[in-house]
Amino acid sequence: MPTIKDIAKRAGVSHGTVSNVLNRRGNVSAEKIKLVEQAAKELGYQINSQASQLRSGTSRHVCVIVPRIDMTKYSELYAGIEQELGQQEITLELLCTNGLEYVEQRLLSKALSRNPTAVILVSSLLKNKESVPEGTRMIMLDRYVKGFPKQSVFASFDYAKAGKEIAEKCVRDGNKNIAVLCEDVSFTGDKRFVEAVSEVFESEGCYFEVFAAPDAMKFNRAFDVLYAADSFDAVIAMSNEDVDSLHMANRYNPDVKLPVIYAVVNKEFGLVDENCYEMNYKLMGHRIAENILEKREDKKEENIMEAGSFRSRPRYLVKKEETLRLLSVKNATSKAIRRLLPLFKKQSGIEVKIIEVPYDELRRMVSKMQAGQETVFDLVRIDMAWMEKDGERIYQKLDSDSLPMRNVVQKLIPGISKEYSMIHGAQYAIPLDACVQMLFCRKDLFENELIKREFYEKYKRKLEVPKTFAEYNQAASFFTQKYNRRSPTVYGHTLTYGRSFVAACEVMLRYYEKNKSVFDSRGKVCVCSEEMKAAFRTCLESCKYATNDTHLWWRETANMFSDGMTAMNITFSNYASDMVHSVNAKAAGKIIFSEVPGGQPLLGGGSIGITKSSSKTAECCQFFEWLYADETAEMVTYLGGFIPNRNMVKNAEVIELYPWIEDIGKMLEKGKRRNRETVNAKFDEFAFEDIIGSAFMNVIFEAAEVEAALKDAQKLCDDMFN
């Protein structure tokens, strides 16, 4: 294998320069970086990451030690850890003890000898005898072990809560004779679970028996339960594997009736049995990895505690044959909902016919709806920018105190803007496909050492995700081949301005960076301000670094970013899924997401409400409950749409596919659209955006200068609002 000396000789540079380039440190010019990388490539040099870590005095190595790698919860745990640490140049090692103490002692000793960053341990021991190197973080999962340093972390689920809630449900369902399966009551999680179960059953006068045995004996436990002298009404199991064992044992003795099974299972995707109590081990993996990276605000806390739960789903005690008609814009959310509607009909008896139309057609149809006039639609989805003008006119006022509406509101992401639902202090709608503008950048470009160095040499500052539009335009220029022939992308970013209200979203995003209202002190709309002129000019400069094609919608520019044509893309979050759905997406897995430059994003998406002419309010509310339930929201979001259910921001399966959803709540809370500060009764947000967007398009297409276009826009605002 070639050495650093060989590379230095081929590149014509010093040993120190080669070392700095290969280890990504030091002040090395772009020219020398290219020489070293080219020489290393020609010689077939592969840097040894572990040797590099040792030379730098650090060990970026994390060891995960579990009893069984074939158990669902542990494979999901590892997947969650890997998702967080895998992109941080941290080496992960997975070791299996088979639940044997002597094997665990040997593997733990081996792991600690490498001076790792952290060891994550699901132990079969009650006390540790190994010396832990200073700087190594010990994280014990589910089973507390004595003898580790005081700063060690104990991570677990709330097994006492799980035991109590499962036992209470078991009793409510009428069971009196119950078997409880666990591994070892000496283990912390098992002990807390069994104690909580016992307390409930003893207080309710139920007979119960605990079957404790190592996981390797799970089939023995299952047969013991089925062949008990007195048959059990129910079984409480503590793993997916215990459930499988019970079903397998029953196949060998089909004459024995299988008891009702209540189980603690790993969080599953899609529909699950109502007796399954889910614990999200993939999410736990994320939390542990965040603790190692010290990303969480609670990083100084000693323990990590997560709660499990039964799936909450609406109950339809009386099925009623009925048909609802829903009018919606045609988008990813409406498509996903349509695919899931057969399940709602089966559960409730209610058929929902969804009519999907293009955005412009929906606008026309909603504009023609008159207050009190009959319409064939029971439910209508409108753009949230139309709420001020159209919401009160076409929607019934919702009873916020009714049980169905309380259930729905409790499901919403905390802090989601009332602009989606409230008019004059009353609720008329519910946020449907709520979204917010976000910035997406190519991770592989922004973290490339050669590109970073070239950027520094040109602008004398670090290449970072832009926080202002001045920084944004500078980065966009750097990544545009017209202005930088070595740029790896043709254009620096995307710009969407093919329709007036679409173009307005580009302009107003830059205007709000100035923290300026469009209303003056008297409540008059004022657009001939220096701030608005500056926003127009900043947006015009952005046009230089984008394609000349006039894009009509955000999906088109999202596809450009996905295809690798641009380095950055500002778009609404509900179009971000388009960037990873394509099989040939060049940006997939290489995306950094952040808040928009200036930190003042616009809200988007729509709201859904019940039309004034509908006589099926109760059925519509049942539909709302189903739509916002965890299982429905999860599947709609997984299919590329979005329902703002609070549990989506911590759904590991969804976040794995769409990582920006983890931060969507914070972004939505920062967003704005309907001007809350207005005291102008005539103001119409959508009409205002049409005026601003049209003015900007006139400037782009050279029909007017900035000042003249804004003067014309001001006249229109005066006529309509002032």
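All residue numbers refer to positions in the sequence shown, counting from 1.
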- Note on the structure: Looking only at heavy atoms, the pair that brings I292 and I120 closest together is CD1-CD1, 4.0 Å
- Message: Side chains of E104 and N98 only: does a donor on one sit below 3.5 Å from an acceptor on the other?
- Response: no
- Do R646 side-chain atoms and Q410 backbone N/O form a donor-acceptor pair below 3.5 Å? yes
- Examine the side chains of S156 and D142 and answer whether a donor and an acceptor come within less than 3.5 Å of each other. yes
- Task: State, to 0.1 Å, how close A289 and E84 come at their nearest heavy-atom pair, and which atoms those are.
- Result: CB-CB, 3.3 Å
- May I ask you to say whether E656 pairs ionically with K282, meaning some side-chain N is under 4.0 Å from a carboxylate O? yes
- Query: Can you name the salt bridge (charged side-chain N to carboxylate O under 4.0 Å, His left out) partners of E165, sequence neighbours left out?
  - Reply: K161
- Item | side-chain contact (heavy atoms from CB on, under 4.5 Å) assessment of T91 paired with V62 | CA-CA 6 Å; T91 304; V62 171; over 6 Å; no
- Item | Atom of I664, atom of V436 and distance for their closest heavy-atom approach | CD1-CG1, 3.9 Å
- Query: Is there a donor-acceptor pair under 3.5 Å between the side chain of D190 and the backbone N or O of C182?
  - Reply: no
- Task: State whether the side chain of R143 and the backbone N or O of L125 hold a donor-acceptor pair below 3.5 Å, judged by distance alone.
- Result: no
- Item | Residues, nucleotides or ligands: over 12 heavy atoms within 6.0 Å of M217 CE | no
- Any side-chain heavy-atom pair of I178 and I236 under 4.5 Å: yes
- Task: Please confirm whether the backbone N or O of C435 pairs with a side-chain atom of S573, one donor and one acceptor, at under 3.5 Å?
- Result: no
- Under a 4.0 Å N-O cut-off, is there an ion pair linking E183 with K218? no
- Task: Give a yes or no on whether the ring-centroid distance for F623 and F344 is below 6.0 angstrom.
- Result: yes
- dist F642:CZ -> N574:CG (nearest 0.5 Å) comes out at 9.5 Å
- E662 with K650: basic N within carboxylate O range, under 4.0 Å: no
- Task: Using a strict cut-off of less than 4.0 Å between a Lys/Arg side-chain nitrogen and an Asp/Glu carboxylate oxygen, indicate whether K666 and E669 qualify as a salt bridge.
- Result: no
- Item | Test item: side-chain donor near acceptor, Q105 and E130, under 3.5 Å | no
- Derivation and outcome, side-chain hydrogen bond (donor to acceptor under 3.5 Å, both in side chains), residues N645 and D630: CA-CA 7 Å; N645 174 302; D630 292 351; 3.0 Å; yes
- Message: Let me confirm one number: the CD1-CZ distance from I261 to F232, rounded to the nearest 0.5 Å.
- Response: 13.5 Å
- Item | Atom NZ of K169: over 12 foreign heavy atoms under 6.0 Å | yes
- With distance as the sole criterion, is a donor-acceptor pair present between the side chains of K146 and N128 under 3.5 Å? no
- Query: Taking the side chain from T136 and the backbone from V132, do they hold a donor-acceptor pair closer than 3.5 Å?
  - Reply: no
- Query: Is there a donor-acceptor contact under 3.5 Å from the side chain of N240 to the main chain of N266?
  - Reply: yes
- Task: Answer yes or no: is there an ion pair linking E278 with R311, defined by an N-O contact shorter than 4.0 Å?
- Result: yes
- Item | Ring centers of Y658, Y638 separated by less than 6.0 Å | no
- Message: I'd like to check the side chain to side chain contact (heavy atoms under 4.5 Å, CB included) partners of T632; sequence neighbours left out, ordered by chain and number.
- Response: L340, W626, L627, A629, V636
- Note on the structure: For I416 and P644, the nearest pair of non-hydrogen atoms, with its separation, is CD1-CB, 3.8 Å
- Task: Would you sort out whether M667 and W660 count as a side-chain contact (heavy atoms from CB on, under 4.5 Å), showing the intermediate values?
- Result: CA-CA 10 Å; M667 302 290 186; W660 51 88; over 6 Å; no
- Message: Quick test of your reading of the model: are K590 and E447 salt-bridged, counting only N-O distances below 4.0 Å?
- Response: no
- Nearest-0.5 Å distance that lies between atom CZ in F219 and atom CG in D224: 13.5 Å
- Item | I69, CD1: over 12 other non-hydrogen atoms inside 6.0 angstrom | no
- Message: Quick one: does any side-chain atom of D184 pair with a main-chain N or O of A212 as donor and acceptor, under 3.5 Å?
- Response: no
- Nearest-0.5 Å distance that lies between atom CG in L226 and atom CE in M248: 12.5 Å
- Query: Are the side chain of S113 and the backbone N or O of K110 linked by a donor-acceptor pair below 3.5 Å?
  - Reply: yes
- Query: Can you tell if the side chain of K411 reaches within under 4.5 Å of the side chain of S312, non-hydrogen atoms only?
  - Reply: yes
- Message: Taking atom OH as the centre, does Y252 end up with more than 12 heavy-atom neighbours from other residues, nucleotides or ligands that are less than 6.0 angstrom away?
- Response: no
- Heavy-atom distance under 4.5 Å between the side chains of V122 and I65, does that happen here? no
- Query: Below 4.5 Å, heavy atoms only, C-beta onward: do K267 and N651 meet side chain to side chain?
  - Reply: yes
- Roughly how far, to the nearest 0.5 Å, is CG of N280 from CZ of R287? 9.0 Å
- Flag the pair M279 / K73 as yes when at least one side-chain heavy-atom distance between them is below 4.5 Å, and no otherwise. no
Could you list the donor-acceptor pairs under 3.5 angstrom formed by side chains in residues 191-201, with sequence neighbours left out?
| from | atom 1 | to | atom 2 | distance (Å) |
| --- | --- | --- | --- | --- |
| S198 | OG | V194 | O | 2.7 |

- Message: Under a 4.0 Å threshold between the charged nitrogen and the carboxylate oxygen, would R221 count as salt-bridged to D242?
- Response: yes
- Task: Would you check if M71 and D215 make a side-chain contact, meaning some heavy-atom pair closer than 4.5 Å?
- Result: yes
- Query: Would you say the side-chain atoms of T333 pair up with the backbone N or O of G641, donor to acceptor, closer than 3.5 Å?
  - Reply: no
- Query: Given side chains that start at C-beta, do those of Y277 and V265 come closer than 4.5 Å, heavy atoms only?
  - Reply: no
- Message: Do Y262 and N175 pair up side chain to side chain, a donor and an acceptor below 3.5 Å, judged on atom types alone?
- Response: yes
- Message: Can you see whether D230 engages Y207 through a side-chain donor-acceptor pair at a distance of less than 3.5 angstrom?
- Response: no
- Task: Go through N407 and Y628 one step at a time and tell me if the side-chain hydrogen bond (donor to acceptor under 3.5 Å, both in side chains) criterion holds.
- Result: CA-CA 9 Å; N407 288 340; Y628 288 82; over 6 Å; no
- Query: Got a second to check how far Q83's CD is from L283's CG, nearest 0.5 Å?
  - Reply: 10.5 Å
- Message: Within the structure provided, determine whether T188 and F154 are in side-chain contact (heavy-atom separation under 4.5 Å).
- Response: yes
- Verdict with reasoning, L112 to M138, per side-chain contact (heavy atoms from CB on, under 4.5 Å): CA-CA 10 Å; L112 292 173; M138 286 300 308; 4.1 Å; yes
- Task: Decide yes or no on side-chain contact (heavy atoms from CB on, under 4.5 Å) for S75 and D70, but give the supporting numbers first.
- Result: CA-CA 7 Å; S75 61; D70 58 345; over 6 Å; no
- Item | For P431 against A434, the heavy-atom pair lying closest together | CB-CB, 4.4 Å
- Contact summary for C276 and F310, nearest pair of heavy atoms: O-CD2, 3.3 Å
